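Since this is a predicted model, take the numbers as computed values, not measurements. Each ligand, and each atom within it, is numbered from 1 in the order the structure gives.
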Amino acid sequence: MALTSMLRSLSRLSRRGCAGPGPGPGPSPFRHHRYPYSPFSTAAADAVERGFAGLGPTAKGEKARVVVLGTGWAGSRLMKDLDTSGYEVVCVSPRNHMVFTPLLASTCVGTLEFRSVAEPLARIQPAVSNSPGSYFLLARCTAVDPDAHTIDCETVTEGEKDALKPSKFKVAYDKLVFACGAEASTFGIRGVTDHAIFLREVHHAQEIRRKLLLNLMLSDIPGISEEERRRLLHCVVVGGGPTGVEFSGELSDFIIRDVKQRYSHVKDYIHVTLIEANEILSSFDVRLRQYATNQLIKSGVRLVQGIVKDVQPNKLILDNGEEVPFGLLVWSTGVGASSFVKSLPFPKSPGGRIGVDEWLRVPSARDVFAIGDCSGFLEETGKDILPALAQVAERQGKYLAHLLNHVMKAGGGHANCEIDVDLGPAFVYKHLGSMATVGRYKALVDLRQSKESKGISLAGFVSWFIWRSAYLTRVISWRNRLYVAINWLTTLLFGRDISRI
Ligand SMILES: Cc1cc2nc3c(=O)[nH]c(=O)nc-3n(C[C@H](O)[C@H](O)[C@H](O)COP(=O)(O)OP(=O)(O)OC[C@H]3O[C@@H](n4cnc5c(N)ncnc54)[C@H](O)[C@@H]3O)c2cc1C
């Protein structure tokens with residue numbers, strides 16, 4: 001009862017001294033405030049040397065600034081719906097595009113091209129490239145100071161030849177939204193980060209495709225031993241969730257259709273093994289799980305129940321002592337809180353995510369919100385932690401954009417400017433169901449709202465058709481929708497592209 005009334009009162013922002021624009025009492029930490037400049041300019045570099053550079057607090061009469069960390073499902077949806085007539089949007093993220101993750105596995109074997117699943121942020125929210133106070137900053141947030149309303153950032157230069165030294169800068173916010181996602185779980189197993197490839201970003205998919213094609217070509221070289229050829233062509237997937245299963249299905253399709261035709265010398269050596277500690281697709285209906293198991297076995301995927309204990313350069317060791325040599329190892333065992341999220345000075349939800357209330361606010365910090373995989377309801381809300389899913393992240397992004405637009409229109413857009421506004425209904429998540437492909441034009445569609453509830457579940461070709469149609473309509477832009485449709489058609493007509501670029 002006490003909790004309910006506390007939350008209800010929190011849901012109204014009280015009129016407690018609008019400090020006006022800026023970071024509140026005390027001197028501004030910025031040398032250059034009011035007129036933000038690019039942190040990549042020479043002036044900014046000089047200022048970096050002296051200690052500070054970045055975007056200072058917004059001034060009276062200027063639009064309030066929403067700083068969004070991340071260009072994933074949650075952040076992109078939020079930025080798409082933010083009202084830029086009242087807000088400037090500053091996005092800080094190590095990548096300048098959103099990844100349409102449900103179709104990422106298809107890019108690893110060339111069913112789809114990489115560009116088909118990547119949507120540049122500037123197309124999702126054009127303000128970041130054409131509004132004077134809105135920016136996309138290719139950087140990572142490293143720390144937050146909730147009292148000063150600032151974040152610390154570091155530019156991302158990794159992977160570039162002759163890369164510049166990363167520069168550091170600060171950004172002041174009126175509203176700050178954490179949408180920085182989660183990290184692949186490795187459970188502390190030795191060797192995973194060094195020898196396995198994750199499947200979370202476009203560059204992971206590119207690495208997988210290059211390695212797969214390289215191994216195919218190396219295995220064709222005269223004089224190679226039988227044992228080495230088998231190892232090179234053994235693709236091992238660890239993790240039997242939807243991503244691991246979909247990737248295994250794509251790989252087996254690639255082998256059946258393309259490798260057998262175009263690498264006929266080695267066609268009998270290539271194999272896929274899927275290792276899962278429990279059951280594959282544990283969140284799906286039992287009947288669908290059985291269907292997926294049968295389908296994968298029919299496609300030649302070897303299913304192994306076991307726990308990986310150690311990963312070495314060319315082999316992994318299972319808990320029963322079995323050694324599994326591999327040429328390609330893809331790790332897909334779910335996600336957990338990132339080290340950045342763990343380092344933040346906020347109370348955490350169970351599972352170590354940033355704790356939020358029902359309105360997705362971080363209650364211990366004014367003007368701070370968290371959405372998507374990096375956030376979870378605080379224990380005292382009595383709500384369950386939501387699954388790490390695009391449908392959760394996207395809907396939270398949409399909800400928060402409406403909430404922030406509403407607050408801005410009521411005059412509460414600036415920092416520390418608390419006004420009496422009813423935030424409206426709390427965020428409520430309704431699960432719409434799950435889908436997964438298993439290869440060979442077959443998929444699973446599970447429309448139950450939870451594991452325990454009843455509902456429609458389908459498997460087979462019709463489900464595959466539903467899966468494809470649903471994702472085609474969900475792809476963010478018409479441009480990418482067209483790319484995806486054309487890629488599917490060319491794959492159907494001519495097979496997958498096997499050039500190693
Ligand atoms: C291969 C694959 C397939 C999937 N398929 C499905 C599916 O079919 N259906 C479904 O519902 N879900 C699916 N998911 C899960 C879904 O993609 C995630 O739940 C969703 O991406 C979460 O969105 P998010 O915005 O919270 O995080 P993400 O999409 O992970 O985005 C996080 C963003 O934050 C950025 N970032 C990270 N650290 C920092 C930092 N320190 N500072 C600034 N920015 C930072 C990242 O670069 C990224 O831009 C899939 C996931 C994968 C990997």
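- Using a 4.0 Å heavy-atom cutoff, A105 is absent from the residues neighbouring ligand 1.
- The distance from ligand 1 to the heavy atoms of L199 drops below 4.0 Å at these ligand atoms: 1 (C), 53 (C).
- T58 and E88 form no side-chain donor-acceptor contact under 3.5 Å, judged by distance and modelled atom types alone.
- Between T71 and ligand 1, at least one N/O pair is under 3.5 Å apart.
- Nearest protein heavy-atom contact of atom 8 (O) of ligand 1 is Y471 OH, 3.0 Å.
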### Message
E119 vs S477, test: side chain to side chain donor-acceptor pair (under 3.5 Å). Steps then yes/no.
### Response
CA-CA 8 Å; E119 193 69 52; S477 66; 2.8 Å; yes
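- Using modelled atom types, one finds a donor on one side chain and an acceptor on the other under 3.5 Å when comparing Q391 with R395.
- Between F427 and Y429, the ring planes lie parallel to each other; the angle is under 30°, not in the 30° to 60° tilted range.
- Taking any N or O of C141, backbone or side chain, at least one lies under 3.5 Å from an N or O belonging to ligand 1.
- Remark: minimum distance from atom 37 (C) of ligand 1 to any protein heavy atom is reached at C180 O, 3.2 Å.
- Of the protein's non-hydrogen atoms, the one nearest atom 14 (N) of ligand 1 is T101 OG1, 3.9 Å.
- When hydrogens are left out, the protein atom nearest atom 30 (O) of ligand 1 is R200 NH2, 3.6 Å; that is the closest non-hydrogen contact.
- Considering backbone and side-chain atoms alike, A388 places an N or O below 3.5 Å from some N or O of ligand 1.
- Counting only heavy atoms of the protein, atom 35 (C) of ligand 1 lies nearest to G70 CA, 3.7 Å.
- On a distance-only criterion, A74 and ligand 1 share at least one N/O pair closer than 3.5 Å.
- There is no side-chain donor-acceptor pair under 3.5 Å between W331 and T186.
- The distance from ligand 1 to the heavy atoms of V92 drops below 4.0 Å at these ligand atoms: 43 (C), 44 (N).
- Of the candidates K175, R361, R65, K175 is the only one forming a salt bridge (charged side-chain N to carboxylate O under 4.0 Å, His left out) with D367.
- At the shortest separation from atom 20 (C) of ligand 1 among protein heavy atoms lies W73 CD1, 3.6 Å.
- At under 3.5 Å, a nitrogen or oxygen of L389, whether backbone or side chain, sits near a nitrogen or oxygen of ligand 1.
- Atom 6 (C) of ligand 1 has its closest protein heavy atom at P102 CG, 4.0 Å.
- For K398, the NZ atom is loosely surrounded, since the number of other residues' heavy atoms within 6.0 Å does not exceed 12.
- Taking the six-membered ring where the residue is Trp, H204 and F198 present perpendicular rings, their angle passing 60° and hence far from 30°.
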#### Entry: Step-by-step side chain to side chain donor-acceptor pair (under 3.5 Å) determination, R496 to T111
CA-CA 6 Å; R496 292 168 180 84; T111 310; 2.9 Å; yes
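- Ranking the protein heavy atoms by distance from atom 16 (C) of ligand 1 puts A390 N, 3.5 Å first.
- Taking the six-membered ring for Trp and thresholds of 30 and 60 degrees, F178 and F340 have ring planes inclined between 30 and 60 degrees apart.
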